[in-house]
Each structure stands twice: as structure tokens, then as C-alpha cells.
Enquirer: 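First the structure, then my questions, so here it is.
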There are 2 protein chains.
Amino acid sequence: MYSIGQVSEMFHLPVSTLRYYDKEGLFPYMERRSGIRRFSERELEALRVIECLKKSGLEIKEIKQFMAWCVEGPATYPERKALFETRKQAVEEEMLRLQKTLDMLKFKCWYYETAIRVGSEDRLNEMLPDHLPPEIQKLYDSAHA
Amino acid sequence: MYSIGQVSEMFHLPVSTLRYYDKEGLFPYMERRSGIRRFSERELEALRVIECLKKSGLEIKEIKQFMAWCVEGPATYPERKALFETRKQAVEEEMLRLQKTLDMLKFKCWYYETAIRVGSEDRLNEMLPDHLPPEIQKLYDSAHA
DNA sequence: GTAATACCTAAACCTGACTTTATGTCAAGA
DNA sequence: TCTTGACATAAAGTCAGGTTTAGGTATTAC
């Protein structure tokens with residue numbers, strides 16, 4: 001069993017955030033001893049899931065719904081599975097978008113590197129978008145697709 | 001030259017957002033004809049860069065700083081290049097974090113699939129974390145690293 | 001005994017990125 | 001002429017996800 005302060009250190013989260021999550025219903029099984037929260041392994045696993053679902057783009061109230069399903073028992077396995085499937089797809093799509101963003105950023109890095117080398121953007125822009133080195137052309141196309 | 005309504009349609013952005021960006025200084029070269037904004041190719045390219053930098057995690061006021069550098073001329077090529085290098089690194093790190101999130105989500109998909117199959121989480125948890133199929137073990141390790 | 005800590009609550013506050021509202025201008029079409 | 005639609009502004013409102021504040025309790029350290 002852990003105090004809120006210990007969990008705060010373990011997860012590098014402010015105490016206020018843990019209390020906020022609790023208030024929002026994200027720890028449905030949280031125990032108390034004379035008013036004081038006692039985090040068990042169950043709450044730590046909940047916190048891992050919370051961080052995962054948050055990174056996947058879920059809002060707090062949707063995570064709360066998930067926790068409510070957990071309380072409901074085995075009848076909600078399908079809902080829970082469906083949620084993770086949906087988040088998996090969302091993250092896969094996000095990674096594709098990020099890859100395009102990354103290609104744009106790489107292109108811009110090359111662009112300014114070259115601008116510095118030739119001394120001005122103007123001479124550089126004359127090359128665009130038809131006279132680029134092939135690997136830069138690939139970045140340019142990916143970013144402008 | 002395009003009207004704000006045309007650009008709104010081209011980029012699938014509300015007119016209010018474009019005006020907000022303009023107010024925040026994100027279109028330093030924007031022209032007007034009797035008070036009405038006229039978007040040129042320069043503004044469209046600015047908008048592409050805005051979307052890229054936003055996805056990379058930059059705030060509006062930092063994007064505004066970038067636009068200010070563009071106005072300052074070739075002397076700020078190094079600052080602009082450094083910005084893109086930093087964003088590139090940030091996005092690469094974000095993609096690594098997302099990959100871990102994805103592994104956790106895939107693990108949870110397998111977990112609930114199996115829970116549905118065997119009828120209860122409890123029998124499943126007895127297998128964890130030591131008796132997992134190898135490819136699931138890999139996801140579990142990646143997600144809990 | 002008293003001072004420092006760690007915990008508690010409720011409620012107000014904050015931030016970023018927009019969005020909405022209220023009000024007004026202007027040109028084109030019926 | 002009059003109304004419709006696209007444009008404009010300033011200022012207020014919204015929302016999520018916390019954070020801060022104000023006031024209190026309980027335990028430990030000196």
C-alpha cells in the first residue's frame with residue numbers, strides 16, 4: 001500500500017493530479033484509512049492504463065467510462081476490448097500523420113541548411129519543386145501529399 | 001489571391017480560426033483590399049507550416065516567433081533551422097512514446113480477447129507475466145519498460 | 001508544547017486555442 | 001430599394017485538464 005505522496009514520486013505526477021483523477025472517478029476501488037487514500041497495486045495498474053489511454057487521445061470522462069466497465073465485471077469484456085481496438089487504430093493513424101509531419105520537418109531542415117549554404121532562399125526556391133535531390137524529393141512529396 | 005472563405009474550404013478550417021491566426025501574427029505579410037484579407041500563395045505556405053509546427057507540438061506564440069524570424073530575413077536562417085531540428089527531435093521522441101503506447105494497447109486487445117475466450121480475467125491473471133506467448137510477452141515488456 | 005509535514009476538501013483560478021456574439025460595412029441580385 | 005451573403009471588429013464565452021488557495025486534521029520531530 002502506498003500513500004498519495006509515494007505514488008506522486010513513482011509516477012512523476014503532482015499530488016493534485018492524482019486527487020483530481022480520483023475525484024473524476026478514475027480509481028473506483030480506492031481505499032481510505034481515516035480519510036487518507038491508500039493506493040494498492042490495483043490503483044497503480046489503473047494509473048498505467050490511464051496514462052496509456054490518455055496518450056492514445058482519450059478524454060478523462062471516457063477513461064472514467066472504462067473504469068465503470070471494469071467495476072461492472074466480465075459482462076463488459078467486449079466493450080473494453082472494443083475500446084482498446086478503437087484506440088489502437090487511432091494511434092496507428094496518428095503515427096502515420098506524425099510521419100508526414102516528420103517528413104515535412106526533415107525537408108525544412110534540409111531547406112534551411114541549403115539556404116544557409118547558398119546564402120539566400122531566393123536562389124533556392126528556383127529549384128523547387130522540380131530540381132531536388134531524390135531523397136529530398138521524397139520528403140517533399142510525402143509532406144505535401 | 002483567395003478570400004478567407006475560399007481558404008477556409010481549401011484547408012477545412014473555420015473562418016474564425018483563420019482570423020484568429022491572423023490576429024496572433026501568423027500571417028505577417030497578409031494584404032488587404034479595403035479592409036478585406038487577401039490570401040496569396042505565401043499565406044497558403046504559411047498555413048502549411050503552421051499546421052506542421054502545430055502537429056509537432058509548438059504553441060501559437062512560438063509559431064508567431066518563427067514568422068517574425070521570416071520577416072527579419074536571411075540573418076535568422078540559423079534560428080529557423082534550429083527550430084526545425086528541435087521539432088524534428090521532439091516528433092521522433094513522440095513517435096517512440098506512441099510506439100510504446102501502441103504496444104500496450106495491442107497487449108490489452110490480446111488480454112481482453114483471451115479473457116472473453118477463457119471467461120474470466122482471474123484465470124488469465126494467473127498466467128501473468130510469466131506464461132505469455134512470446135509475441136505477447138514482447139508487447140508486455142515494451143509497454144511496461 | 002509547538003513546529004514542521006503530509007494528508008484532506010471545496011471552490012476558485014488558470015491556460016491555450018479557439019468560438020460565439022453583437023454590431024457594422026459593402027456589393028450583387030430580385 | 002431591399003435583402004442576402006460574405007466580409008470585418010472587439011469582446012466575451014467555452015472547454016479540458018489541471019493547479020492553486022484557503023482552511024482544517026493528524027502524526028512526528030524537537
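Reckoned from all heavy atoms, side chains included, excluding hydrogens, waters and symmetry mates. Not measured: the values here are computed from a predicted model. The chains referred to below are lettered A, B, ... by the order of the sequence lines, with proteins before strands, and numbering in each begins at 1.
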Enquirer: Please check the phosphate of C/dC18 (OP1 and OP2 only) for any side-chain N or O of B/Y21 closer than 4.0 Å.
Expert: yes

Enquirer: Classify A/E59 by what it touches in the nucleic acid, base, sugar-phosphate, or nothing, heavy-atom distance under 4.0 Å.
Expert: sugar-phosphate

Enquirer: How close or far is atom P of C/dG16 from atom CD of B/E62, stated in whole angstroms?
Expert: 10 Å

Enquirer: Could you go through residues 53-63 of chain B and list every donor-acceptor pair under 3.5 Å that involves a side-chain atom there, pairing it with any protein atom two or more places apart or in another chain?
Expert:
{"residue": "B/S56", "atom": "OG", "partner": "B/L53", "partner atom": "O", "Å": "2.7"}
{"residue": "B/S56", "atom": "OG", "partner": "B/R87", "partner atom": "NE", "Å": "3.2"}
{"residue": "B/E62", "atom": "OE1", "partner": "B/E59", "partner atom": "N", "Å": "3.0"}

Enquirer: Hey, are B/R42 and B/Y29 close enough side-chain-wise for a donor-acceptor pair under 3.5 Å?
Expert: no

Enquirer: Taking side chain to side chain contact (heavy atoms under 4.5 Å, CB included) as the test, write out the residues that go with B/A143, two or more places apart.
Expert: B/M104

Enquirer: The side chain of B/Y20 lies closest to which of these nucleotides: D/dT19, C/dA17, D/dC7?
Expert: C/dA17

Enquirer: Whole angstroms only, please: what is the CG-C1' distance between A/L26 and D/dG17?
Expert: 12 Å

Enquirer: Cationic tip of A/K108 within the cone over A/Y111's six-membered ring, i.e. under 6.0 Å and within 45° of the normal?
Expert: yes

Enquirer: Go through residues 29-51 of chain A and report each residue with a non-hydrogen atom lying under 4.0 Å from DNA chain C, sorted by number.
Expert: A/R32, A/G35, A/I36, A/R37

Enquirer: Figure out the NZ/P separation between A/K23 and C/dT9, and round it to whole Å.
Expert: 10 Å

Enquirer: Are A/E79 and A/E72 close enough that some pair of their side-chain heavy atoms sits under 4.5 Å apart?
Expert: no

Enquirer: Salt bridge (charged side-chain N to carboxylate O under 4.0 Å, His left out) with B/D22: which residues, sequence neighbours excluded?
Expert: B/R32, B/R37

Enquirer: With a 4.5 Å cut-off on side-chain heavy atoms, are B/E92 and A/K106 touching?
Expert: yes

Enquirer: Rounded to whole angstroms, how far apart are CG on B/L53 and C1' on C/dA17?
Expert: 16 Å

Enquirer: Without decimals, in angstroms, what is the distance between B/I63 CD1 and C/dC18 P?
Expert: 9 Å

Enquirer: Could you check whether A/R117 pairs with A/E113 (Lys NZ or Arg NE/NH1/NH2 to Asp/Glu carboxylate O, under 4.0 Å)?
Expert: no

Enquirer: Rounded to whole Å, how long is the line connecting atom CG of B/L18 with atom C1' of C/dT20?
Expert: 16 Å

Enquirer: Whole angstroms only, please: what is the CD1-P distance between B/I4 and D/dA6?
Expert: 13 Å

Enquirer: Would you please name every residue forming a side chain to side chain donor-acceptor pair (under 3.5 Å) with B/Q137, sequence neighbours left out?
Expert: B/D141

Enquirer: Can you measure A/R19 atom CZ to D/dT19 atom P for me and round it to whole angstrom units?
Expert: 12 Å

Enquirer: Side chain of B/T17 only, please: which of D/dT19, C/dG16, C/dT19 is the nearest?
Expert: C/dT19

Enquirer: By a strict heavy-atom criterion of less than 4.0 Å, which residues belonging to residues 9-16 of chain B are in contact with DNA chain C?
Expert: B/P14, B/S16

